[in-house]
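Have a look at the structure below, then the notes.
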Amino acid sequence: MRSANNSGGWIWVFFTCVLCSARFGAFAQDPELGSARVVFQTTYGDIEFGFYPNVAPKTVEHIFKLVRLGCYNTNHFFRVDKGFVAQVADVVGGRTAPMNEQQREEAEKKIVGEFSRVKHVRGILSMGRFSDPDSAQSSFSILLGDASHLDGQYAIFGKLTKGDETLRKLEQLPTRREGIFVMPTERITILSTYYYDTKTETCEQENSVLERRLAASAIEIERQRMRCFP
């Protein structure tokens, strides 16, 4: 009888673990990055990041659409807490440029909390939200250090791929404290944004090299023909 009870307990533990994996994802610390890259051109340098589409597909789709619509242009980093986070403001209210109807419609959407087992370490991108776990919109943070207390509580959707030197510049700026927020004393503007696909870029570069080699080969073949078969 004791053995039967233990068996039932193990079944329950296994079932509970399956549910946890479904809720929080089954990814370890280094999930695969997608091929899309986004660049924020700020007053202190460029910041480039990639997405984790297999970790947070709805969040990735939403943020990437905001980028493609130009929603982050003229927005800013409202929070820079050295060793913790640099946080991008919500685009509704954070931009200096007015928004059109399409931009506002996308920016005001609330995204379900796609929590995972990916860890909050330096360079990770994590959605901001209110107390409601499904209240994320357009504000997100770039981690400036390890923050394990955020793990499983905020949706991680990507990571920094270039621009850590820019983040270090931001960490050196003077700040002031307003409640729980450490904020820069001057505006850190996102002047413009753009995006590209690493697969497309790689193919274009390879095609360019191949074309040059083919052209060079054609010239060499013609030179040999003229020399050997005048």
Side-chain angles (χ1 to χ4, degrees), residues 17-42 46-72 75 77 79-81 83-91 106-107 109-130 132-167 170 190 193-203:
C17 289
V18 170
L19 289 179
C20 288
S21 294
R23 172 60 175 166
F24 294 106
F27 293 94
Q29 176 51 36
D30 292 316
E32 183 179 358
L33 276 175
S35 59
R37 296 291 183 271
V38 171
V39 179
F40 282 4
Q41 297 181 301
T42 79
D46 291 357
I47 295 170
E48 181 189 287
F49 57 87
F51 295 114
Y52 291 143
N54 294 326
V55 174
K58 292 183 174 64
T59 305
V60 169
E61 181 183 8
H62 175 62
I63 296 297
F64 196 27
K65 186 171 182 179
L66 290 174
V67 171
R68 296 196 306 272
L69 290 172
C71 292
Y72 289 100
N75 196 19
F77 285 85
R79 180 184 189 186
V80 179
D81 196 339
F84 183 37
V85 296
Q87 187 168 354
V88 176
D90 193 283
V91 298
E106 187 65 28
K109 288 181 180 178
K110 293 183 178 179
I111 308 301
V112 64
E114 297 180 295
F115 309 132
S116 69
R117 293 192 297 173
V118 181
K119 303 297 183 183
H120 283 78
V121 297
R122 186 178 180 90
I124 282 293
L125 274 58
S126 180
M127 289 297 288
R129 63 172 177 84
F130 296 104
D132 180 352
D134 300 328
S135 60
Q137 290 183 296
S138 61
S139 177
F140 66 87
S141 295
I142 303 175
L143 272 289
L144 301 176
D146 298 352
S148 59
H149 63 286
L150 303 180
D151 293 348
Q153 305 297 316
Y154 294 85
I156 288 174
F157 65 94
K159 74 172 183 179
L160 188 79
T161 50
K162 293 180 184 178
D164 190 64
E165 66 280 2
T166 300
L167 294 183
L170 301 189
I190 300 170
T193 63
Y194 67 91
Y195 59 93
Y196 68 96
D197 191 289
T198 54
K199 288 183 179 178
T200 302
E201 290 292 317
T202 299
C203 288

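Applying the side-chain contact (heavy atoms from CB on, under 4.5 Å) rule to A89 yields the partners N75, H76, F78; only residues at least two apart in sequence or on another chain are considered. Residues that satisfy the ring-ring contact (aromatic ring centres under 6.0 Å, His included) test with Y154, not counting sequence neighbours, are absent from this structure. A search for side-chain contact (heavy atoms from CB on, under 4.5 Å) contacts involving D90 returns V92, Q137, S138, S139, not counting sequence neighbours. Partners of Y195 by ring-ring contact (aromatic ring centres under 6.0 Å, His included), not counting sequence neighbours, listed by chain and number: F64. Contacts of T193 classified as side-chain hydrogen bond (donor to acceptor under 3.5 Å, both in side chains), with partners at least two apart in sequence or in another chain: N73. Shown here are the ring-ring contact (aromatic ring centres under 6.0 Å, His included) partners of F77, two or more places apart in sequence or in another chain: there are none. Annotation: side-chain hydrogen bond (donor to acceptor under 3.5 Å, both in side chains) contacts of R79 (sequence neighbours excluded): Q87. Checked against salt bridge (charged side-chain N to carboxylate O under 4.0 Å, His left out), D164 has the following partners two or more places apart in sequence or in another chain: R122, R168. Partners of K109 according to the salt bridge (charged side-chain N to carboxylate O under 4.0 Å, His left out) rule, which considers only residues two or more places apart in sequence or in another chain, are E106. Under the side-chain hydrogen bond (donor to acceptor under 3.5 Å, both in side chains) criterion, T161 pairs with E48, not counting sequence neighbours.
Side-chain contact between K159 and L33 is present, with at least one heavy-atom pair separated by less than 4.5 Å. When side chains are defined from C-beta on, V121 does not count as touching L143, because their heavy atoms never get closer than 4.5 Å.
Side chain of D151 to main chain of H120: a donor-acceptor pair is present (N/O by atom type, distance under 3.5 Å, no hydrogens or angles). Side-chain atoms of R129 come within 3.5 Å of backbone N or O of Q153 as a donor-acceptor pair.
The shortest heavy-atom contact between L150 and F84 is CD1-CE1, 3.9 Å.
In this structure, L125 CG and I63 CD1 are separated by 8.5 Å, a value rounded to the nearest 0.5 Å.
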Checklist entry - Step by step, would you call Y52 with N54 a side chain to side chain contact (heavy atoms under 4.5 Å, CB included)? => result CA-CA 6 Å; Y52 291 143; N54 294 326; over 6 Å; no
